[in-house]
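We're numbering straight along the sequence, starting at 1.
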Amino acid sequence: MCTGKCARFVGLSLIPLSLICIVANALLLVPNGQITWTKDHLSLQVWLMAGFIGGGLMMLRSVFCSAFGMLGAIYCLSVSGAGLRIGPRCLMHGSWDYHFQHTAGSYLLNRTQWSSCAQPPRVVYWNVTLFSLLVAASCLEILLCGVQLVNASIGVFCGDCRKKEGAPH
């Protein structure tokens, strides 16, 4: 595949992934679709805006510069992975805290624990679904940005295979 065609394909593939990350991050701000939760009741990983900044805005920028996209995807993957490992901030047994943070992520395999969070309702399902989506999207973005970086390097050293306009055949 020509380096120019490869760049176009990767760029067009990154656009929907970045939009998925932006929407997933926006949904994390409204657990269970409710806007009644205050800033103090959402986890730090939600407020770090990894999907919006790293997987979204920096990825849209990566159409022009893959290195920024790679950094953004790594940021999104790191924060989203931490969000999955630590779990949501929720009300359990009368206190707001990160009640799953000492389980090292084992709560993910024990769905019976998920209903222990009384408020926001179904917040564990919400966070696990959306942070998992962000992890998957950022992994694909890392892969595509890596391909784009290799493709750009090949293009710099070997040239583009497209014919120049006005050049003799």
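In plain terms, the two heavy atoms of Tyr107 and Val124 that are nearest each other are CE1-CG1, 4.0 Å. Closest non-hydrogen pair, Ile86 versus Tyr98, comes out as CG2-CD2, 3.6 Å. Shown here for Phe100 and Pro88, the closest heavy-atom pair between the two residues is CD1-CD, 4.1 Å. Considering all non-hydrogen atoms of both residues, Leu27 and Trp126 come closest at O-NE1, 2.7 Å.
In the hydrophobic clustering of ILVMFWY residues, with side-chain heavy atoms under 4.5 Å counting as a link, Ile20 and Val23 come out apart. Tracing side-chain contacts under 4.5 Å through hydrophobic residues (I, L, V, M, F, W, Y), one reaches Val46 starting from Leu108; they form part of the same cluster. Linking Ile, Leu, Val, Met, Phe, Trp and Tyr whenever their side-chain heavy atoms come within less than 4.5 Å puts Val123 and Val135 in one cluster. A single hydrophobic cluster is seen to contain both Leu84 and Trp47, as judged by linkage of ILVMFWY side chains at heavy-atom distances under 4.5 Å, directly or through other members. Following chains of ILVMFWY side-chain contacts shorter than 4.5 Å, one cannot reach Leu133 starting from Leu17, and the two form parts of different hydrophobic clusters.
The shortest distance between side-chain heavy atoms of Leu44 and Leu48 falls below 4.5 Å.
A donor and an acceptor atom, one from each side chain of Asn110 and Thr112, are located under 3.5 Å apart.
Interatomic distance, Asn127 CG to Leu42 CG, rounded to the nearest 0.5 Å: 8.5 Å. Distance CZ/Arg122 to CH2/Trp114: 9.5 Å, rounded to 0.5 Å. Expressed to the nearest 0.5 Å, how far OG of Ser43 lies from CG of Asp97 amounts to 12.0 Å. Rounding to the nearest 0.5 Å places CG of Leu28 at 10.0 Å from CD of Gln45. Between atom CG of residue Leu109 and atom OG1 of residue Thr103 there is a gap of 9.5 Å, rounded to the nearest 0.5 Å. Rounded to the nearest 0.5 angstrom, Ser115 OG and Met92 CE are separated by 8.5 Å.
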Discussion item. If you apply the rule side chain to side chain contact (heavy atoms under 4.5 Å, CB included), what do you find for Met49 with Leu29, and how did you get there?
Written reply: CA-CA 9 Å; Met49 301 286 191; Leu29 294 169; 3.8 Å; yes
Worksheet item: After noting the C-alpha distance and the side-chain angles of Cys21 and Glu141, does the key distance pass the side chain to side chain contact (heavy atoms under 4.5 Å, CB included) rule?
Response: CA-CA 10 Å; Cys21 288; Glu141 290 172 344; 3.8 Å; yes
Discussion item. Let's go through Cys117 and Cys90 carefully: what are the C-alpha distance in whole Å and the side-chain angles of both, what is the deciding distance for disulfide bond (SG atoms under 2.5 Å apart) to 0.1 Å, and is it a yes or a no?
Written reply: CA-CA 6 Å; Cys117 280; Cys90 66; 1.9 Å; yes
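Ser80 places no side-chain N or O within donor-acceptor distance of the main-chain N or O of Leu77, the cut-off being under 3.5 Å. At least one donor-acceptor pair under 3.5 Å links the side chain of His99 to the backbone N or O of Ser95.
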